[in-house]
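A, B, ... follow the sequence lines: proteins, then strands. Residue 1 opens every chain. It should be emphasised that the depicted structure is a prediction, and the values quoted were computed from it without experimental measurement.
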2 protein chains.
Amino acid sequence: MSLGLVHSKSFEGRACPKCSGETENLFCACILQILNQKSCSYAVRTFKPGAVIAMEGYKAPFFGSIITGVAAQEISLADGRVQGVSLLRPPDVIGNHLQETSKYSVTALSNLEIFCVSSELFDSLLRELPELRLRFLNMKLGDLERARNWLTVLGRRSSTERLAYLIVRVAQKIGFDASLPGTNELRVNLPITRERIGSFLGMSTETVSREFTHLERAGILSARNSRVITIFNYRRLEIAAGIDDDGGTIH
Amino acid sequence: MSLGLVHSKSFEGRACPKCSGETENLFCACILQILNQKSCSYAVRTFKPGAVIAMEGYKAPFFGSIITGVAAQEISLADGRVQGVSLLRPPDVIGNHLQETSKYSVTALSNLEIFCVSSELFDSLLRELPELRLRFLNMKLGDLERARNWLTVLGRRSSTERLAYLIVRVAQKIGFDASLPGTNELRVNLPITRERIGSFLGMSTETVSREFTHLERAGILSARNSRVITIFNYRRLEIAAGIDDDGGTIH
DNA sequence: CGAGTTTTTGAATGGTCTCAACTGGAGTGG
DNA sequence: CCACTCCAGTTGAGACCATTCAAAAACTCG
């Protein structure tokens with residue numbers, strides 16, 4: 001595990017200049033500086049796609065904040081059913097302070113860099129650093145709101161709406177590359193299997209696949225090349241997701 | 001609204017002796033004392049069953065922590081579909097600091113007493129009082145964990161499992177009266193309509209009703225007197241909910 | 001290219017919803 | 001006190017949506 005060793009330079013470039021950025025890593029430049037002053041142990045750990053970072057019910061290996069990459073957080077039921085609970089991306093955190101065992105399993109979906117400290121250290125940092133505490137609170141409030149909005153997806157939306165909703169959210173937050181020049185097309189990376197999409201949407205892989213072809217036949221998007229989605233008509237995708245402009249559904 | 005006036009004595013008896021109790025109101029004795037010292041405005045507001053306390057998309061009227069009673073927090077979709085997101089009970093909070101509009105609608109399910117301050121005041125209290133900040137953070141971390149566990153209910157469980165799961169959770173947290181003397185029976189108050197149960201479980205009222213009779217015919221419980229549930233066999237109810245002892249599912 | 005995996009597609013099954021009718025209890029007014 | 005209304009809850013029948021099982025097609029990687 002080699003705590004105390006930074007294996008990568010990439011974190012430096014992303015450190016906040018004055019501890020204010022929402023999009024920066026939770027362990028920003030200020031906190032890194034404090035860690036160095038106090039000579040606390042920390043590490044940047046890297047994982048390859050498919051690597052299991054934490055396992056539900058087992059001791060959480062560390063407390064970390066993602067620097068680069070995407071990971072999936074899931075809950076398993078005793079009989080093997082799996083429910084995705086969130087897609088993690090910078091600066092989302094992995095691990096729980098104050099709790100021995102991990103509540104979720106976490107799997108890397110891409111190459112991943114995580115800034116790690118021990119759970120105990122994070123807990124004491126949380127007590128000492130008001131700024132960190134505030135950012136952590138706001139991060140968790142955002143998580144809570146997203147989780148509750150996701151309840152409407154699983155509880156009240158049809159399978160077409162669910163898939164469209166997921167793609168809209170991913171387009172907004174993770175995989176958005178760029179609108180293709182000269183067109184209205186949007187290209188979105190969704191580097192996960194149909195099965196895992198199903199685990200987030202609470203549907204079978206077959207239904208996920210069927211709904212992709214459904215959206216394709218409607219001329220809304222193309223998913224040939226199954227990990228890259230080209231959106232032809234974003235507005236119609238939002239409509240298919242049951243998202244409307246007047247704020248009734250959008251969070 | 002008459003901020004600054006305590007309309008009820010009932011809060012006093014529940015104030016913490018030394019700011020440590022998990023089950024106390026968020027605005028415990030210590031904080032009440034601080035509020036008095038600084039002569040800040042606060043109020044205890046009361047609501048009757050069915051009263052709408054906050055409306056989704058409208059300005060949140062206050063920031064408050066429940067002293068007594070139960071309330072339902074729900075999200076509405078544009079076409080009228082409703083998804084319950086949490087059952088609120090002491091010391092849960094209503095309203096959002098730092099946000100103008102309420103994300104959820106909140107309805108009183110019983111007589112309700114809420115300790116209220118303005119959102120602005122709560123925000124500044126949060127900055128000033130480390131103890132309050134810690135308790136608020138822990139409260140929200142608990143909310144997040146419950147919301148994510150609920151995702152497994154909506155995404156991966158059958159309607160029988162959903163209803164059984166809800167009853168188990170309510171038995172654990174809200175409506176538990178007592179095991180009836182001389183028997184193994186448990187009596188649980190569930191003071192909400194079948195329709196609202198459906199809104200929490202993502203099912204129609206008819207299916208909720210059918211699943212009640214299903215559990216009745218299996219001899220697990222009785223729901224005649226539809227707002228009071230008598231559980232004959234708690235263990236079998238847990239099994240029906242897909243909750244097992246080995247921690248795979250329990251949070 | 002060939003083996004294994006992922007994705008798509010088809011057909012049949014089954015679970016949940018919708019529509020509709022009926023039941024039962026609470027409250028109202030004659 | 002009883003008939004009436006109203007609302008919540010129950011039950012049934014049929015439709016529909018999503019799942020399961022099965023097989024074919026496409027893609028990945030050695």
Side-chain angles (χ1 to χ4, degrees), chain A residues 48-50 72 77 79-83 107 109-110 152-167 189-218 221-230 240 242, chain B residues 48-50 72 77 79-83 107 109 153-167 189-218 221-230 240 242:
Chain A
K48 297 211 173 300
L77 273 59
D79 60 2
R81 287 177 285 186
V82 177
Q83 177 62 54
T107 310
L109 299 178
S110 66
T152 69
V153 175
L154 299 184
R156 290 300 184 193
R157 290 182 208 259
S158 71
S159 54
T160 313
E161 290 176 301
R162 292 188 202 192
L163 181 58
Y165 194 98
L166 178 76
I167 296 169
N189 290 318
L190 194 57
I192 60 181
T193 63
R194 298 286 187 256
E195 184 180 11
R196 185 158 262 130
I197 293 175
S199 106
F200 278 91
L201 297 178
M203 3 192 295
S204 65
T205 61
E206 295 95 328
T207 303
V208 172
S209 180
R210 272 185 253 273
E211 294 307 336
F212 264 114
T213 63
H214 181 190
L215 290 172
E216 277 184 343
R217 281 211 250 268
L221 54 76
S222 163
R224 300 287 151 178
N225 211 355
S226 56
R227 311 294 170 92
V228 180
I229 300 166
T230 306
Chain B
K48 297 211 173 299
L77 273 59
D79 60 2
R81 287 176 285 185
V82 177
Q83 177 63 52
T107 311
L109 299 178
V153 176
L154 299 183
R156 289 302 183 191
R157 289 181 208 260
S158 70
S159 55
T160 313
E161 290 176 301
R162 293 189 202 191
L163 181 59
Y165 194 98
L166 178 75
I167 296 169
N189 290 319
L190 194 59
I192 61 181
T193 63
R194 298 286 186 256
E195 185 181 10
R196 187 159 263 129
I197 292 174
S199 106
F200 278 90
L201 297 178
M203 350 187 313
S204 66
T205 62
E206 296 94 329
T207 303
V208 173
S209 181
R210 272 184 255 272
E211 293 306 336
F212 264 115
T213 63
H214 182 189
L215 291 173
E216 278 184 340
R217 282 211 249 269
L221 53 76
S222 164
R224 301 286 151 178
N225 211 353
S226 55
R227 312 294 171 92
V228 180
I229 300 166
T230 306

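Under the rule for a side chain to side chain donor-acceptor pair (under 3.5 Å), Thr213(A) has no partner lying at least two apart in sequence or in another chain. Residues meeting the side chain to side chain donor-acceptor pair (under 3.5 Å) test with Arg227(B), sequence neighbours left out: none. By the side chain to side chain donor-acceptor pair (under 3.5 Å) test, Ser158(A) is found to be paired with Glu161(A), residues two or more places apart in sequence or in another chain being considered. For Asp79(B), the side chain to side chain donor-acceptor pair (under 3.5 Å) partners at least two apart in sequence or on another chain are Arg81(B).
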Report task. List the steps, then state whether side chain to side chain contact (heavy atoms under 4.5 Å, CB included) holds for Phe200(B) with Val208(B). Result -> CA-CA 11 Å; Phe200(B) 278 90; Val208(B) 173; over 6 Å; no
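Among the atoms of the strands shown, none is found under 4.0 Å from any heavy atom of Arg196(A). If you check every strand for non-hydrogen atoms under 4.0 Å, Thr213(B) touches sugar and phosphate atoms only.
Axis angle, first five pairs versus last five pairs of the helix from dC1(C)-dG30(D) to dG30(C)-dC1(D): 30°, rounded to 10°.
Under the salt bridge (Lys or Arg N to Asp or Glu O under 4.0 Å) criterion, the residue pairs touching residues 191-218 of chain A are Glu74(A)-Arg196(A), Glu216(A)-Arg224(A), with sequence neighbours excluded.
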Report task. If a protein heavy atom is under 4.0 Å from the base, mark B; if only from the sugar-phosphate, S; if neither, -; do that for nucleotides 17-30 of chain D going 5' to 3'. Result -> -SBBB---------
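Bracketed by its first and final contacts, the part of DNA chain C lying under 4.0 Å from non-hydrogen atoms of chain A reaches from dT6(C) to dA11(C) in 5' to 3' order.
Dashed line: the shortest gap from a side-chain N or O of Ser226(B) to OP1 or OP2 of dG9(D) is under 4.0 Å.
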